[in-house]
Amino acid sequence: MPFHALVDGASPGVQVPPHLTRIPINLISTSSDLANALVKGKVVRKGPLVSVAPNDFILKAVVQEEDSQPHISTQIPAINIVVFGELARDFSQCVSPGDVVMASGFTVSKSPTASKDKLHHLNLLLSEEDANIYVSSLKIPKLTKAPRYTYTPLGDLKAGSVVNVYGVVVFFKQPFKSHGTDFCSSLKITDKSNHNIGCTIFCEKLEEHPKIFQNGDIVRMHRVKVQLFNNTITLVNTFGFSVVTFDGKPSGSVEPRTSSRTIHFDEEDRRRVEELQTWISSQNILLSSTSSVSLSAVQPKAYFDLTCQLLAKAPVDSTCSLLRVWDGTRCPNTFLKVDVDPNDVEGPTTFSREKESFIASVLVYDNHSEFAKQLKPGAFLRIYNLRAIPVTSKECSVTGSHSEEVEHIVFHLHGGTSYGRGIRVLPENSPDVQMLKRAIAFLTDDVGNCASELNDSELLEVWSTPPESLGMANICRSSFLICRLQLQRVTLSELKQSRPGQVYRVRAQLRSYEPSKLHQALKLFCSKCSSIQEIPDDEWVASIFSEACKNSEDWAPQRTLRVHLSTQLKTEGKANELLFITGTTLEETCRLATGYNNIVPLTSSKSGLVLMDLSAPFLFRGPRRFYGCKQCSEATVRELPSRGDKLLDEKIIAEALGVQLLQFVLLMKLQLQDATDTLDVFLWKHAVSLKCSTLFTQKSHWVVFLEMLRL
DNA sequence: GATTAGGGTTTG
């Protein structure tokens, strides 16, 4: 267990091993002996837990030497730490800013952010295999001494009691100012008992309110009073109230959303949250609100929730503000141009034409216009219960000869809080923001790199980077282009839901690929039995050659190299075109192959000359080697048929020898992503020749444009 | 240890 919680600096059964020696942060260097080094410091910054794969995480934090004497500079030594794997998850759950941690078993790497953050020029890397983290946490004593909470199922609530509950949000309003002293949150929750219970939360401070981002979120409340109102059970917060929320979608990690530093959260809580997540996914739960859609899917007149980034904002009048937002997708409708005073605009006043085509105009009214005053451009928002309003206006034609009706669209967020109308700033680490950032990064890559909007014909140009430049000859490009233009382009999410057997186009970003070295992608493929095998390495082939020599019938006290010529070729005066040799090593065969066109290594047996084990190449030509399929070949050494003037190639030789020739194919695994999903893709065989040219000619943020068959 | 609100049939 690489993660240890120490209470008051020590814990029963857990001790910082005595052989560890503390190293001051400013003395950490690449030449330090880190094997027994212990770093101690206060966590001054803790980044979000980033999930890189199921049960694999990365977390960054900054640790500052707490008790160091200020030396030459007044700067207190601090260093970035990067924690990997489940250790990162444990760290995320148990360590809060302000906690003192000790770490051992780390390695160091150059900090790419040193010039920016002015911290140590190295990062500490802590992997779960080697590193240990010890934390003396302020909250752990509380956590261990805290009473066990009991939670009342929503079907068992009795008026007058004070209870703790877990529930799944089916309706919510953002906190709004009440007529009293507090903000008020209104929500409705449900659980397995299928009761829908209304809850009213009054808190003076916004941060004490439940952080609900969408229906389906899970909420845990401590100390709520059960009341009857209109003969209906409701819950209201009471003294000592606390609330914490969780994403309702299982993501591998359970991250409590709270601003409280002293939250009780243990394995039992994790189990409850996961159980509810499973329940939600099995329920098609009645999430009675508007649905979350991207700009590209907005329907005129419809109500919807929008997750977006704020680019600019401006007041329109005393009750209305304009928000310019985007989400990385393009709305099919053109947005109404809302006139505002450029001096009142916060953020850019204009955008390039391409960028503008991705930006939506949102008019927010009354209380939302007030709320918008505190928003900063760059913030990630979810706007609830927006309405897409079509606006018909008359515009003069280009020639000015007549005016024509043009339909635009503008989004309205009506005043009030009915239907949960409101705006919420989403934290950077929320999965939806991560997704949004990906979509926007993908877009800006296009818009930024290509100077003009990247249309299909330009993409095709990228796509059809001459394969000749990669040494790939004779590939007919035009046929590819024609087919592709007729294919339907879909998102990865749509592709995953589509019917098998269809061919689609997708455009996505390459997230990763395997193998990392192209030559490792090269495999041998048998078109007869469809088997794929690795290309044997030289050591293995050399051992086949030496075995063949030893077992050879004419193995005398010493090895004898013999050359056998084809009688047929001799009569044609082309004896040197094909040499059969016995008694050579791999190295000698390779050397001979540089001087002769075709070399076939043989070994002699009782029945005469035979081909070597087909694990080794059966034919050498210059630097190239050809292999046969062990299963499908019936190899015998035979005379070549007469060919006239036809050039001797590997196919003719293989056929003559009864060898099923193996083809070289590339096999690669790609992980693609777009704004909607990720997808593992296997590229192989002929498809590779073109597609790889695209992959390897785009230096960064590769855009992959594939046709693929949904299998 | 009071008060607030108690979803909702949706202006611009």
Side-chain angles (χ1 to χ4, degrees), chain A residues 157 159-160 162 167-190 195-206 208-210 212 214-217 219 221 223-241 285-291 299-306 314-323 335-340 361-372 383-393 408-424:
Chain A
L157 299 172
V162 172
V168 177
V169 176
V170 291
F171 170 81
F172 67 104
K173 280 184 179 184
Q174 298 302 325
F176 56 94
K177 198 88 187 87
S178 74
H179 295 302
T181 56
D182 298 332
F183 281 95
C184 175
S185 285
S186 185
L187 56 143
K188 198 163 260 179
I189 58 173
T190 188
H195 284 71
N196 273 8
I197 305 292
C199 314
T200 308
I201 310 297
F202 295 106
C203 293
E204 203 174 348
K205 293 180 184 145
L206 276 175
E208 290 164 354
H209 281 261
I212 303 168
Q214 60 192 332
N215 286 335
D217 281 352
V219 57
M221 292 187 284
R223 299 175 202 90
V224 281
K225 200 161 55 185
V226 184
Q227 288 183 339
L228 267 184
F229 175 76
N230 281 348
N231 252 337
T232 312
I233 292 278
T234 56
L235 296 173
V236 184
N237 60 317
T238 182
F239 309 106
F241 167 77
I285 208 163
L286 303 166
L287 304 174
S288 58
S289 94
T290 44
S291 59
Q299 298 290 325
K301 295 187 181 172
Y303 291 92
F304 59 97
D305 296 343
L306 183 69
V316 175
D317 59 38
S318 61
T319 64
C320 177
S321 296
L322 170 70
L323 306 182
F335 279 94
L336 183 74
K337 185 160 167 40
V338 181
D339 284 324
V340 287
S361 293
V362 184
L363 291 171
V364 303
Y365 290 91
D366 306 335
N367 51 325
H368 311 302
S369 184
E370 282 302 307
F371 182 80
I383 310 179
Y384 302 91
N385 200 236
L386 262 182
R387 188 167 200 206
I389 312 262
V391 186
T392 310
S393 55
H408 288 114
I409 205 160
V410 65
F411 296 163
H412 280 200
L413 182 64
H414 298 314
T417 61
S418 304
Y419 296 96
R421 287 196 295 255
I423 303 176
R424 168 123 220 160

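Throughout, protein chains are lettered first and strands after them, A, B, ... in sequence-line order, and every chain is numbered starting at 1.
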Starting at [atom1] of [X] and ending at [atom2] of [N], how long is that distance when rounded to a whole Å?
X	N	atom1	atom2	value
A/D182	B/dT4	CG	P	11 Å
A/E204	B/dG1	CD	C1'	14 Å
A/N196	B/dG6	CG	C1'	15 Å
A/H368	B/dG12	NE2	P	14 Å
A/F411	B/dG12	CZ	C1'	17 Å
A/H209	B/dT4	NE2	P	15 Å
A/D366	B/dT10	CG	P	17 Å
A/F176	B/dT3	CZ	C1'	14 Å

Taking [Y]'s backbone N and O only, do any of them form a donor-acceptor pair with [X]'s side chain (distance below 3.5 Å, no angle check)?
X	Y	value
A/R387	A/H414	no
A/N367	A/G415	no
A/H368	A/C320	no
A/R223	A/N237	no
A/D317	A/T319	yes

Measure from the ring centre of [X] to the centre of the six-membered ring in the base of [N], then say whether that distance is under 5.5 Å and the planes meet at under 30°.
X	N	value
A/F239	B/dG1	yes
A/F202	B/dT3	no
A/Y365	B/dG12	yes

From the options A/T234, A/L235, A/V224, select the one residue that forms a side-chain contact (heavy atoms from CB on, under 4.5 Å) with A/L157.
-> A/L235
Would one find a side-chain N or O of [X] under 4.0 angstrom from OP1 or OP2 of [N]?
X	N	value
A/K173	B/dA5	no
A/S418	B/dG8	yes
A/H414	B/dG12	no

Contact class for A/K177 vs. all strands (heavy atom < 4.0 Å): base, sugar-phosphate, or nothing?
-> nothing
Tell me what A/G420 touches on the nucleic acid: a base, only sugar-phosphate, or nothing, going by heavy atoms under 4.0 Å.
-> nothing
Does NZ belonging to A/K337 count more than 12 external heavy atoms closer than 6.0 Å?
-> no
Quick check for you: among [options], whose closest atom lies nearest to any side-chain atom of [X]?
X	options	answer
A/S178	B/dG12, B/dA5, B/dT10	B/dA5
A/Y419	B/dT11, B/dA5, B/dT9	B/dT9
A/S186	B/dT9, B/dG12, B/dG6	B/dG6

Side-chain donor/acceptor contact of A/D317 with base of B/dG12 under 3.5 Å | no
For the side chain of A/R387 and the base of B/dT10, is some donor closer than 3.5 Å to an acceptor across the two?
-> no
Of all of residues 226-236 of chain A, which get a heavy atom below 4.0 angstrom from DNA chain B, listed by number?
-> A/Q227, A/F229
When the ring planes of A/F304 and A/F411 are compared, do they come out parallel, tilted or perpendicular, using 30° and 60° as the limits?
-> perpendicular
